[in-house]
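These figures come from a predicted structure and were not determined experimentally. A note on names: the letters A, B, ... follow the listed sequences, proteins ahead of strands, and every chain is numbered from 1. Because only heavy atoms are used, hydrogens play no part in the values below, and waters and symmetry mates are left out as well, while side chains stay in.
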Amino acid sequence: MTNPEALNREKQKKRIGLPDLEIGDDKNVILRFAPNPNGPLSIGHSRGVVINSEFAKKYSGKVILRFDDTDTKVKPPLESAYSMIEEEFEWISGLKPDLVIRASSRMEIYLEAAEGMISRGICYVCRCTASEFKELRDSKEACVCRERDVGQNILDWKMMIEGGIDEGGAVVRVKTDLNLPNPALRDWPALRIQHTAHPIVGNRYKVWPLLDFQSAVEDHLQGVTHIVRGKDLMDSTRKQTLLYGLLDWDYPQTLYWGRVKLLDFGGFSTSSIRKSVENGDYSGWDDPRLPTVAALRRRGFSSESLREFWVELGLSQKDISIPMQSIESKNSKIIDRYSERRSFIESPKKLYITSENGDKIDNFGSIFINRHPDYPEMGEREWDLGDGSIFISENDYTEGLIRLKDFADVEIKGDIAVIISREKTDDLPIIHWVSSKNSTEAVMIVARGSEIDNVEGIMENIDGNLGQTLQLERMGFARIEGISDSGRISLIWLHG
RNA sequence: GCUCCUGUGGUGUAGUUCGGUCCAUCAUACCGGGUUUUCAUCCCGGCGACCCGGGUUCAAAUCCCGGCAGGAGCACCA
């Protein structure tokens, strides 16, 4: 029997962008992006920023930037990362977060919440060692601590927060059903003891919440309606849902994305990058060999390309491998529109232009070339040819006929280029070049895998494009990083 | 070992909820051609996929069962 409704269904329609969220009756949408500030953002993090902020835009909702900085030992916060992340969030999403909070400055709230839950018997203090507990948990057995009365638990709790118990000596657990099929969820740990100082709040607190607890309490307090996160946090959702059940709270809608691997970068984690940066293996967090947002930005990526890229990927739970090329192709299309053209000559070779009959000329005057071939309204660049001394790349050098782009057909003999015709002859190879009168020495930083190349060359004058991305004729995109006192230009390579 | 997630072309992705309009969408990559005084941008064409095996059904990418493969969690990390 054919379902008559099926005939009206619109299938095979390409869904564009983000999926729809389930929206509550109040139409409220509150999301959060919650990184650990143990370093600035990586490319992977940018997915979280984009997805959450784009959902907020789509539903006129709010996004909270929350620093989950409750670990002082394994992944301790980096003080400078807070402001970097806040700034990067704004750059990537194009908007300021509606609220910025730090878990470390809200410790009183979490500790109070924990104490309340211990009093109600929802949580208990467990004095077992991690390995002892693991053994019991795996066999679905309760440890002795679980059965102790609330009064005893509160005494232990007080001792914990006063620093009377060493690290590892006790932990607060959420009491769950020990017969849960998933061992990860059985009496999961909520708070633990840390005596190492926190870089922001010092050693005022001896007991710190773990992610699952802190996040659970905070999401509820902030009225978060939707959580979008990596599927590696699925068990986190399950743990938190158990806690919400005990407290009779409503758990937010949760969506996941799968693991993303960028093929052009090896296995990087924020911790490992931090170590290398602090070791001096890299010039900084924005070293172009690094998969950090800072590096992409420095090279000249547009934030728009990141937004489009992640939105188009959507929220599939598949684990995927992405070549950087797919982000780059998006970026090229976006920045081509406003990237002025300039000439950069690698391995320069000096030539002298002469007139048709081979005479040297004292002053050729100037030629004018569009800053952008498709948008003449962007103006022209003036090339003063002076006495005719120019540079072409050694790689392009060959005796015989060739077209100097936007100028003339020439015949090269030795270091002389005789003008054959100003008009272009069809089928002549075209090369880029630069007049020595309005060019200067330049160096371009190029990341090649794990190596950095400083490519020396001669660069056409840039007149006022500091910080901008340019398209280098016949090469690709690069960004102007600076000009030294001596006039030497520094470039950084973006992509082809 | 226990628990969970995911399998559509080289890489991603749409379609799977509710079986038919799907000889399967779009992008990227690749190949070929066009425009262009750049190897850029732009335009046209081509290539190429439903993990495997059963089952249900007139009809399966879609539903059921069983495999297989990849990934994640089982941290007093986030």
Side-chain angles (χ1 to χ4, degrees), chain A residues 1-3 5-16 34-38 68-71 73-76 103 126 128-130 133-134 137-138 140 167-173 180-186 188-194 207-208 210-212 214-215 229-236 238-239 256 258-261 263 269-271 308-309 312-314 316-323 325-330 332-333 335-337 339 341 343 369-370 372-374 403-409 423-426 428 430-432 471-477 496:
Chain A
M1 244 318 230
T2 302
N3 176 359
E5 305 235 338
L7 296 170
N8 304 322
R9 222 182 298 146
E10 277 195 65
K11 289 199 79 177
Q12 201 183 331
K13 196 174 175 184
K14 171 82 175 171
R15 198 198 75 228
I16 307 286
N36 178 351
N38 62 336
D68 281 352
D69 57 347
T70 58
D71 175 57
K73 221 175 168 176
V74 184
K75 294 176 181 170
C126 173
C128 300
T129 65
F133 183 83
K134 180 178 163 53
R137 182 201 57 200
D138 287 348
K140 302 184 178 179
E167 289 186 3
V171 65
V172 176
R173 297 189 178 281
L180 287 167
N182 187 343
L185 311 182
R186 296 174 200 151
W188 55 272
L191 301 98
R192 80 326 205 162
I193 297 167
Q194 292 187 129
V207 178
W208 289 81
L210 286 147
L211 167 86
D212 297 318
Q214 177 270 128
S215 178
R229 58 185 173 199
K231 69 173 187 180
D232 52 311
L233 260 24
M234 276 181 165
D235 280 349
S236 220
R238 298 181 184 110
K239 289 179 200 172
Y256 306 95
R259 217 176 72 119
V260 182
K261 192 167 147 195
L263 290 173
S269 68
T270 303
S271 314
E308 283 188 9
F309 178 74
E312 277 177 28
L313 265 194
S316 115
Q317 290 187 27
K318 252 167 89 177
D319 301 318
I320 54 175
S321 297
I322 305 284
Q325 203 179 26
S326 47
I327 305 182
E328 291 170 358
S329 127
K330 202 153 267 313
S332 297
K333 290 179 173 103
I335 66 173
D336 182 78
R337 170 65 183 84
S339 294
R341 271 50 173 174
S343 205
I369 306 169
N370 281 338
H372 192 301
D374 303 326
R403 174 78 186 175
L404 296 179
K405 186 171 184 293
D406 296 307
F407 178 52
D409 295 351
E423 293 305 306
K424 178 176 171 287
T425 310
D426 286 344
L428 218 48
I430 297 166
I431 63 168
H432 65 297
Q471 187 190 115
L472 305 178
E473 307 253 18
R474 294 177 67 226
M475 295 180 74
F477 296 95

Colleague: Taking the nucleotide of RNA chain B with the nearest heavy atom to each, does A:Pro181 or A:Ile322 sit closer to the 5' end?
Modeller: A:Pro181
Colleague: For A:Asp336, answer base if it contacts any base atom (sugar-phosphate contacts may also be present), sugar-phosphate if it contacts only those atoms, and nothing otherwise; contact means non-hydrogen atoms under 4.0 Å.
Modeller: base
Colleague: Using the side chain to side chain contact (heavy atoms under 4.5 Å, CB included) criterion, which residues pair with A:Asp319? Sequence neighbours excluded.
Modeller: A:Lys231, A:Arg259
Colleague: Just to verify, what does A:Ser321 make a side chain to side chain contact (heavy atoms under 4.5 Å, CB included) with, not counting sequence neighbours?
Modeller: A:Lys261, A:Leu263
Colleague: Would you say B:U13 has OP1 or OP2 under 4.0 Å from some side-chain N or O of A:Ser316?
Modeller: yes
Colleague: Are A:Ser339 and B:A40 close enough that a side-chain N or O sits under 4.0 Å from OP1 or OP2?
Modeller: no
Colleague: How would you list, by chain and number, every residue that makes a side chain to side chain donor-acceptor pair (under 3.5 Å) with A:Arg403, sequence neighbours excluded?
Modeller: A:Asp409
Colleague: With the criterion being N/O to N/O and under 3.5 Å, what pairs connect the protein with nucleotides 7-10 of chain B, and how long is each?
Modeller:
from: B:U8; atom 1: OP2; to: A:Lys318; atom 2: NZ; distance (Å): 2.3

Colleague: For B:A40, does the base pair up with any side-chain atom of A:Arg474 as donor and acceptor (N or O, under 3.5 Å, distance only)?
Modeller: no
Colleague: Can you find an N or O donor on one side and an acceptor on the other, under 3.5 Å apart, linking the side chain of A:Gln471 with the base of B:U38?
Modeller: yes
Colleague: Going by the rule side chain to side chain donor-acceptor pair (under 3.5 Å), which residues pair with A:Gln325 if we only count those two or more places apart in sequence or in a different chain?
Modeller: none
Colleague: Is it true that A:Lys239 and A:Asp235 make a salt bridge, defined as a side-chain N closer than 4.0 Å to a carboxylate O?
Modeller: no
Colleague: Checking A:Phe133 now: which residues fulfil ring pair (Phe, Tyr, Trp, His ring centres under 6.0 Å) with it, not counting sequence neighbours?
Modeller: none
Colleague: Which residues pass the side chain to side chain contact (heavy atoms under 4.5 Å, CB included) test with A:Asn36, sequence neighbours left out?
Modeller: A:Asn38, A:Lys75
Colleague: Given B:U11, B:A78, B:C5, which nucleotide is nearest the side-chain atoms of A:Met234?
Modeller: B:C5
Colleague: Any non-hydrogen side-chain atom of A:Glu328 less than 4.5 Å from a side-chain atom of A:Pro323?
Modeller: no
Colleague: Holding to salt bridge (charged side-chain N to carboxylate O under 4.0 Å, His left out), I want the full list of residues that pass it with A:Asp71, two or more places apart in sequence or in another chain.
Modeller: A:Arg192
Colleague: Identify whether any heavy atom of A:Lys73 sits under 4.0 Å from a base atom; if not, whether one sits that close to sugar-phosphate; answer base, sugar-phosphate or nothing.
Modeller: nothing
Colleague: Taking N or O atoms only and anything under 3.5 Å, show me the protein contacts with nucleotides 71-75 of chain B, one pair per line.
Modeller:
from: B:G71; atom 1: O4'; to: A:Asp319; atom 2: OD2; distance (Å): 3.3
from: B:G71; atom 1: O2'; to: A:Asp319; atom 2: OD2; distance (Å): 3.0
from: B:A72; atom 1: OP1; to: A:Arg259; atom 2: NH1; distance (Å): 3.4
from: B:G73; atom 1: O2'; to: A:Asp235; atom 2: OD2; distance (Å): 2.7
from: B:C74; atom 1: O3'; to: A:Arg137; atom 2: NH1; distance (Å): 3.1
from: B:C74; atom 1: O2'; to: A:Arg137; atom 2: NH1; distance (Å): 3.1
from: B:C74; atom 1: O2'; to: A:Arg137; atom 2: NH2; distance (Å): 2.8
from: B:A75; atom 1: OP2; to: A:Arg137; atom 2: NH1; distance (Å): 3.2
from: B:A75; atom 1: OP2; to: A:Arg137; atom 2: NH2; distance (Å): 3.1

Colleague: For a quick check of understanding: with a heavy-atom distance under 4.0 Å over all strands, which category does A:Pro373 fall into, base, sugar-phosphate or nothing?
Modeller: base
Colleague: For A:Glu312, give me all partners under side chain to side chain donor-acceptor pair (under 3.5 Å), at least two apart in sequence or on another chain.
Modeller: A:Lys330
Colleague: Under a 3.5 Å cut-off on both pairing distances, which runs of 3 or more consecutive Watson-Crick or G-U pairs involve RNA chain B?
Modeller: B:1-7 with B:68-74, B:10-12 with B:26-28, B:30-34 with B:42-46, B:51-55 with B:63-67
Colleague: Of all residues at least two apart in sequence or in a different chain, which pass the side chain to side chain contact (heavy atoms under 4.5 Å, CB included) check with A:Ile322?
Modeller: A:Val260, A:Leu262, A:Phe309, A:Leu313, A:Ile320, A:Ser326
